Structure formats: structure tokens, C-alpha cells
Protein chains: 2
Amino acid sequence: MGLAKTEIFTDEQNQIALFAKVFGHPARVAILQYLFKLNTCICGDLVEEIGLAQPTISQHLKELKNLGLIKGNVEGTSVCYCIDHDNWSKMKETMQNFLDQDISGQGDCC
Amino acid sequence: MGLAKTEIFTDEQNQIALFAKVFGHPARVAILQYLFKLNTCICGDLVEEIGLAQPTISQHLKELKNLGLIKGNVEGTSVCYCIDHDNWSKMKETMQNFLDQDISGQGDCC
DNA sequence: TTATTACATTGCAATATTACGATTAAATAA
DNA sequence: TTATTTAATCGTAATATTGCAATGTAATAA
């Protein structure tokens, strides 16, 4: 298979999984950390900063863009990518709700 | 390939990615939510609750166990799985640090 | 002992992901 | 126009993931 049966899960469960999936590769984590640090960037920087080939970085950027976590503006021959703070906040709320489930926990049962 | 080049990333980046990866499937999200709700469980429950075959559930439970997020005790012929609250807290701190990067953000650049 | 019950493991097919060389596209520079 | 620069896309190889039928294992029940 290799294909998740998304139809049997709730929208919330699928959305958490989608967000988590995009963070499930260290290159994308590194790209986001770098974008937060610089508050601006171009793809070329990332190729040197991260240490993966240009097509690979471009592919990772595309996935981040598809989820809306970053956005890019063409500036001459280069592209300026940066965090989409609005969408980041929305994602953060969803993920934090999921992570905070344990606040009602009474301790381990076994 | 299909193989992440983990050696070029920091331990933190790799760890965030590992945690995120395990949340990157709705079945594992659903399993964790169910465990939080019940505060105890056995695998059989999950097969009915989630709607995937028993070997599939067992496999997802194994991944959650490998990361230390759940633990299981044999009880007769069944197994009692539950959240490992200590490890969940540690994971939560790591993930929240990552999600909270935007607090210093000055707004979108593009 | 011989079921039965509950879960784990194995093996496999279908699909997804990761990475990169080669190429393309689009903007600027000469 | 013809480079050059920068990033996207295409094609492909290697590996990983998902899901399940079949089987194995270990504890209890008959």
C-alpha cells in the first residue's frame, strides 16, 4: 500500500498528521529554523546552509509552501521565501491542542 | 534514495523530525487520542475503534512504543497499553520549542 | 492435553519519499 | 541578442511506509 486510509479518520486527525508529516524531515525543520532566524531568505542561501542539492531543497520548499507555512516572492532572478506567520499560528494552535492532551492525565496506568 | 541524510543535521533537528514523523499518520494520532481519553486500553479495543486490521494497529503501536511515547503491560492474554507521561512531557517540550520560534518574529517580509 | 483468545511477526504488494543529475524557464547583464 | 544567474521541473534510482493475510506465540479455559 503506502497509502494512508484517511477516509476513516476525522478531519482534525488528518490535519494533525499532515502538519506533522511536513516536520518529519530534518531538512524541513532546518529550513524553517533558518527562515525564522533570518526573517527572509533566498533558496541559494539554503543550498549552502543546509548542504543538500538545489533540486532537493527546492522540493522541500515546495512542500512547505503547499501547506502554507511559507510563502515566496520573486525578486529578480532569485526568490525570497519567508514564514507565513498567520498560517504558522493556526498550525501551532492545532498542534499544541494535540500536544496538550496530557494536562487532564491522572498518571500512567501501567 | 528515500533515506534522509541525518548526518548533516543537528541532534535537535533530527529529534524533532523523528517525533513529528510518528505523528505523521492519522492512525497514530487517533491511537494517542484514544489512549489519552481512556487512560488505559488493550489492543483489541483499538482494532474496533480505529477500523484497521489487527496487524496494522500492532505495527503502529510498535512505532509509538519505540519512541517511548506509550508503554505496554501484558495482562493475561491481552496487553494494556498506555501513555508514558514522562516521555510525552519531554517530547512536548521539544516540539513546543520548535513551534514557538515565531514569538520573536517581526512579521512577514514578503 | 487441546482449544481458545489476544496480540506479535513475517512476507509481500502497492504506493510514497528522498535525493540528485539533467534540463528548463525566467529574469538580468553584457 | 547572447550569456549568466537562480530556481523550478523532470526523470529516475534507492529506500521507506502502509496495509493485510497468514502464521507464530504465549497465556488462559475447557
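Just so it is clear: chains get the letters A, B, ... in the order the sequence lines come, proteins before strands, and each one is counted from 1. Everything numeric here is computed off the predicted structure, so don't read it as measured data.
Residues B:L35 and B:C41 meet the side-chain proximity criterion, which asks for heavy atoms closer than 4.5 Å. Side-chain contact between B:F98 and A:F23 is present, with heavy atoms from C-beta onward closer than 4.5 Å.
Contacts of B:S58 with the nucleic acid, taken as non-hydrogen atoms under 4.0 Å apart, include base atoms. Among the atoms of the strands shown, only primed sugar atoms or phosphate atoms (P, OP1, OP2) are found under 4.0 Å from some heavy atom of A:I42.
For the pair B:W88 (side chain) and A:L99 (backbone), a donor-acceptor distance under 3.5 Å is present. A:S78 contributes no side-chain N or O that, together with a main-chain N or O of A:V74, makes up a donor-acceptor pair within less than 3.5 Å. Using modelled atom types, one side-chain atom of B:N14 and one backbone atom of B:T6 make a donor-acceptor pair closer than 3.5 Å. A:Q13 contributes a side-chain N or O that, together with a main-chain N or O of A:T10, makes up a donor-acceptor pair within less than 3.5 Å.
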Please produce a list of atom pairs where a protein N or O lies less than 3.5 Å from an N or O of nucleotides 24-30 of chain D.
none

Enumerate all atom pairs, one protein N or O and one N or O from nucleotides 17-19 of chain D, separated by less than 3.5 Å.
unit_1	atom_1	unit_2	atom_2	d
D:dT17	OP1	B:K21	NZ	3.3
D:dT18	OP1	B:R28	NH2	3.4
D:dT18	OP2	B:R28	NH1	3.2
D:dT18	O3'	A:L3	O	3.3
D:dT18	O3'	B:H25	NE2	3.4
D:dT18	O2	A:M1	N	2.8
D:dT18	O2	A:G2	N	2.7
D:dG19	OP1	A:K5	N	2.8
D:dG19	OP2	B:H25	NE2	3.0
D:dG19	OP2	B:H60	NE2	3.0
D:dG19	N7	B:Q59	NE2	3.4

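Atom-to-atom, CD1 of A:I31 to P of C:dA19 comes out at 10 Å; the value is rounded to the nearest Å. Atom CZ in A:F23 sits roughly 16 Å away from atom P in C:dT17 (whole-Å rounding). In this structure, CG of A:L61 is placed 11 Å from P of D:dT9, rounded to the nearest angstrom. Rounded to an integer number of Å, the gap from A:K62 NZ to C:dT17 C1' is 14 Å. In this structure, the CD1 atom of A:I50 is 14 Å from the P atom of D:dA7, given to the nearest Å. Separating the CD1 atom of A:I57 from the P atom of D:dT6 is a distance of 16 Å, rounded to the nearest angstrom. Regarding B:K65, its NZ atom lies at a distance of 14 Å from the C1' atom of C:dT9, rounded to whole Å. Between the P atom of C:dC7 and the NZ atom of B:K71 lies a distance of 19 Å, rounded to the nearest Å.
Mapping A:P55 and B:G51 onto DNA chain D via the closest heavy atom, the residue that lands nearer the 5' end is A:P55.
Residue pairs meeting the side-chain hydrogen bond (donor to acceptor under 3.5 Å, both in side chains) criterion with at least one member in residues 42-60 of chain A, sequence neighbours excluded: A:R28-A:H60.
Residues A:Y34 and A:M91 share a hydrophobic cluster, clusters being chains of Ile/Leu/Val/Met/Phe/Trp/Tyr side chains in contact below 4.5 Å.
More than 12 heavy atoms of other shown residues, nucleotides or ligands fall within 6.0 angstrom of atom CD in A:Q96.
Between A:Y81 and D:dA8 there is a side-chain polar atom (N or O) within less than 4.0 angstrom of OP1 or OP2.
For D:dA8, the base has a donor-acceptor partner in the side chain of A:Q54 [N/O atoms by modelled type, under 3.5 angstrom].
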